[in-house]
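Structure first, commentary second.
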Amino acid sequence: MDKQYDIIVIGAGNGGLSAAASACSRGFKTLLIEQHNLPGGFATSFRRGRFEFEPALHELCDVGEPDKREEVGALIDSYGAKVDWVKLPEAYRLIINGEGEERIDAVMPFGKQAFIDKMEEYVPGSRESMEKFFYLADCIMAANAAVAKAGGKADPKVMMKEHPDFLKCANYPTAVVLRKLKICSENAGRSRFARMNLS
Amino acid sequence: MLGERREIPLRADEPVLTAIERAGIAAPSHCRSGECGWCRSRLIRGDVFIPESMDGRRLADDEAGYIHPCSTWALSDLELEIFPE
């Protein structure tokens with residue numbers, strides 16, 4: 001070990017690993033120190049008997065494809081890191097134990113259109129609601145991006161002009177919006193007290 | 001001491017950890033049965049045998065060349081990096 005470094009990083013969790021890799025890739029002489037005998041921090045896996053437990057993320061989003069990287073994928077590429085990417089086969093799997101019709105085992109794919117199509121299979125007639133839902137999700141993402149770009153101080157007039165549908169639902173709790181879209185039942189999101197129907 | 005290199009004799013019929021301790025080196029260890037990972041060391045060079053029942057390494061350890069010397073037997077000369085406390 002030398003006595004002089006440009007950058008010293010303490011801790012080799014995800015943050016430290018990223019900082020050190022980033023510093024290295026920019027040509028800084030970097031020292032990374034970790035007290036444990038392996039890197040990873042909270043993202044360290046461990047063995048118990050014949051199982052290996054992975055307590056970190058269950059999935060990493062924003063990676064993208066090799067030829068079309070999203071933000072996180074591009075960032076990790078910029079470190080020059082050699083990563084063994086494992087593609088998840090499905091977006092969600094929901095299992096609810098029950099008898100007959102109460103039992104649910106639903107597998108939802110990635111991709112907006114595929115998701116909507118699959119949902120229509122499981123819940124015939126849901127297509128219209130699902131399309132509205134994803135349209136609103138796109139509106140929310142666009143509005144969030146606009147507010148972020150304006151440093152958190154968006155001009156209300158600009159918001160009203162360019163993001164009207166976002167504003168229509170922005171003040172309501174998610175459960176209310178989902179009820180309006182007929183995705184949730186009348187009772188969803190309501191406390192037990194509210195559901196007592198006191199007259 | 002960090003970066004110190006030592007050459008020690010190894011026997012084929014005892015775990016690598018035993019050889020390290022026999023040479024007077026205080027290598028870290030805990031369960032001495034392969035499971036806990038306390039003795040995790042980096043195998044730089046050489047061939048080893050690890051009984052399946054004692055292989056408590058993670059998938060990444062195996063792929064990145066790390067062994068648990070307490071449950072590893074040498075099949076050739078080895079170059080090993082240990083991480084004393």
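Since the structure is predicted, the reported quantities are computational estimates derived from the model, not experimental observations. Just so it is clear: chains get the letters A, B, ... in the order the sequence lines come, proteins before strands, and each one is counted from 1.
- For Tyr172(A), the OH atom counts as loosely surrounded, since its 6.0 Å shell holds 12 or fewer non-hydrogen atoms of other residues, nucleotides or ligands.
- Residues Lys68(A) and Glu70(A) are paired through a salt bridge, judged by an N-O separation under 4.0 Å between the basic side chain and the carboxylate.
- Arg93(A) CZ: 12 or fewer foreign heavy atoms inside a 6.0 Å radius.
- Of residues 110-131 of chain A, not one residue has a non-hydrogen atom less than 4.5 Å from any non-hydrogen atom of chain B.
- Ranked by heavy-atom pairs under 4.5 Å with chain A, the first of Gly37(B), Gly56(B), Ala60(B) is Gly56(B).
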Distance-only criterion, 3.5 Å: which donor-acceptor pairs connect chain A and chain B?
{"residue": "Asn37(A)", "atom": "O", "partner": "Arg40(B)", "partner atom": "NH1", "Å": "2.6"}
{"residue": "Asn37(A)", "atom": "ND2", "partner": "Gly37(B)", "partner atom": "O", "Å": "2.8"}
{"residue": "Asn37(A)", "atom": "ND2", "partner": "Trp38(B)", "partner atom": "O", "Å": "3.3"}
{"residue": "Ser45(A)", "atom": "O", "partner": "Arg58(B)", "partner atom": "NH1", "Å": "3.4"}
{"residue": "Ser45(A)", "atom": "OG", "partner": "Arg58(B)", "partner atom": "NH1", "Å": "3.2"}
{"residue": "Arg47(A)", "atom": "NH1", "partner": "Asp55(B)", "partner atom": "O", "Å": "3.2"}
{"residue": "Arg47(A)", "atom": "NH1", "partner": "Arg57(B)", "partner atom": "O", "Å": "2.7"}
{"residue": "Arg47(A)", "atom": "NH2", "partner": "Asp55(B)", "partner atom": "O", "Å": "3.4"}
{"residue": "Glu52(A)", "atom": "OE1", "partner": "Leu59(B)", "partner atom": "N", "Å": "2.9"}

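- Ser78(A) places a side-chain N or O within 3.5 Å of a backbone atom of Leu75(A) that can act as its donor or acceptor partner.
- For Glu90(A), the CD atom counts as densely surrounded, since its 6.0 Å shell holds more than 12 non-hydrogen atoms of other residues, nucleotides or ligands.
- One finds the NZ atom of Lys161(A) at 11.0 Å from the CG atom of Asp155(A) (value rounded to the nearest 0.5 Å).
- For NZ of Lys29(A), the number of neighbouring non-hydrogen atoms (other residues, nucleotides, ligands) closer than 6.0 Å is greater than 12.
- Rounding to the nearest 0.5 angstrom, the gap separating the SG atom in Cys169(A) from the NZ atom in Lys180(A) is 12.0 Å.
- Sparse packing is recorded around OH of Tyr92(A), with 12 or fewer heavy atoms of other residues, nucleotides or ligands lying under 6.0 Å away.
- Note that CD of Glu101(A) is 10.0 Å distant from CD1 of Ile104(A), once rounded to the nearest 0.5 Å.
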